[in-house]
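Numbering of residues begins at 1 and proceeds along the displayed sequence.
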Amino acid sequence: ALKNKYAPVYVFKGDCYLAQRDPGKACENYEQAIYFDKNSKDAYIKYARAYKDVNTDLAIQKLNELKALDPTFSLANEELAKLYYDKNRFPEAVKAFADYVASGNDTNEDLIEYCMALLMNGQYQDCLDIAKKGLARSPNNFVLNRMAMYSTIELKDYASADQYAATFLNTVTDKRLISYFDYLYLGRLYDADKKYNDAAQAFENAIKKDTTKYTFYKQVSDAYESAGNYKASVDA
C-alpha cells in the first residue's frame, strides 16, 4: 500500500480534480504534495498552471517559491515569464525571460514573446538583439524579422529596417498574416523613406485590418499630401 504522505499521490489527486475543472481542490492537493515533499517540482508547476487565471498572484508566488528552492530550474523561469507575458505585465516578463534565456533552453517561440515584451517595455535595442539571436538560427522566420523591423524603426535605423521589412514581406507565406501593426510600422518606414504613396497605402491597409483605428486617416491624409496628391488627402 502507498503511504498517505507520499507526495506523488497528492499530485495525481490534484490532476484528477483539475480534469474535473476544480482548480481549488486541485491546488489543495498540490499544496499537500509540497507539504510532504518540498522538492516536488511538478506540484509547484501544476499549482501555478491551475491558478494562473483563477488567482494570478498565488500562481506567481508558487513559481517564485520554486525558483528559491532551485534557481537553476529553467522551467520555473519559463512558466513565470509566460505568465507575466500573458497578463501584459511586461517589465516583469522581461526579467523572467532574461533569466530563462540565460539557461540556453529557449526556442524561437520563446524569443518572439521575449521580443514583444521588450518592445512593449520600450527596450528597442534589447528587442533587436534578441531578434538577431533568433535570426541567427532561423534567418527566414518571418515573425523574428517582424520584431527586428519594429525595433529598427523605433531606433530610427531605417536602412536596416528596409532590409528587415523586405525579408519579412518575402517570407510571409500568407498575406493574411500581415497584421494591423505590420502595416502601421510599414507606413512609418515608407514615410521616413519619403515613399509617401506607399506610406498612405500601408496606413489604409492598417485601417482595413482594424476598422476601429479610423484616427489613422490623419496619417493617410498627411502621406498623400506629402506625395502631392491633394484630392486623396482631402478625401482621407
message: Could you check, using the six-membered ring where one of them is a Trp, whether Tyr10 and Phe36 have ring centers closer than 6.0 angstrom?
response: yes
Just checking [X]: does its [atom1] atom have more than 12 heavy atoms from other residues, nucleotides or ligands closer to it than 6.0 angstrom?
X	atom1	value
Lys25	NZ	no
Lys46	NZ	yes
Tyr196	OH	yes
Lys175	NZ	yes
Lys95	NZ	no

message: Apply side-chain hydrogen bond (donor to acceptor under 3.5 Å, both in side chains) to residues Asn205 and Gln201 and explain how you reach the verdict.
response: CA-CA 6 Å; Asn205 285 338; Gln201 186 61 61; 3.3 Å; yes
Thinking salt bridges, do [X] and [Y] make one under a 4.0 Å N-O criterion?
X	Y	answer
Lys87	Asp57	no
Arg137	Asp106	yes
Lys209	Asp182	no
Lys231	Asp235	yes

Minimum heavy-atom separation for [X] and [Y], please, with both atom names.
X	Y	result
Leu135	Ala148	CD1-CB, 4.2 Å
Ile112	Met147	O-SD, 4.3 Å
Asn77	Pro71	ND2-O, 4.3 Å
Tyr30	Asp15	OH-OD1, 2.6 Å
Ile34	Ser40	CG1-O, 4.5 Å
Gly187	Ala199	O-CB, 3.5 Å

[X] versus [Y]: any side-chain heavy-atom pair under 4.5 Å?
X	Y	result
Tyr150	Phe181	yes
Tyr47	Leu18	no
Met116	Phe97	no
Asp129	Lys133	no
Leu177	Phe142	yes
Lys41	Leu66	yes
Asn105	Tyr100	yes
Thr171	Asn141	no

Looking only at side chains, do [X] and [Y] share a donor and an acceptor under 3.5 Å apart?
X	Y	result
Tyr185	Glu154	yes
Asp162	Tyr190	no
Asn170	Thr167	no
Asp110	Thr107	yes
Gln123	Asn121	yes
Glu65	Gln61	yes

task: Tell me whether Val172 is reachable from Tyr183 by hopping between hydrophobic residues (I, L, V, M, F, W, Y) whose side-chain heavy atoms are closer than 4.5 Å.
output: yes
task: Find out if a path of hydrophobic residues (ILVMFWY) with successive side-chain heavy-atom gaps under 4.5 Å connects Tyr51 to Leu69.
output: no
message: With rounding to the nearest 0.5 angstrom, report the CD to CZ distance, Glu113 to Phe90.
response: 10.0 Å
From CG (Asp193) to CG (Leu186), nearest 0.5 Å: 10.5 Å
- prompt: Parallel, tilted or perpendicular: which describes the rings of Phe216 and Tyr180, with under 30° parallel and over 60° perpendicular?
  reply: perpendicular
query: Would a distance-only check, ignoring hydrogens and angles, find a side-chain to backbone donor-acceptor pair under 3.5 Å from Thr152 to Met149?
result: yes
message: Quick check against the 3.5 Å criterion: does Asp37 have a side-chain atom that pairs as donor or acceptor with the backbone of Tyr6?
response: no
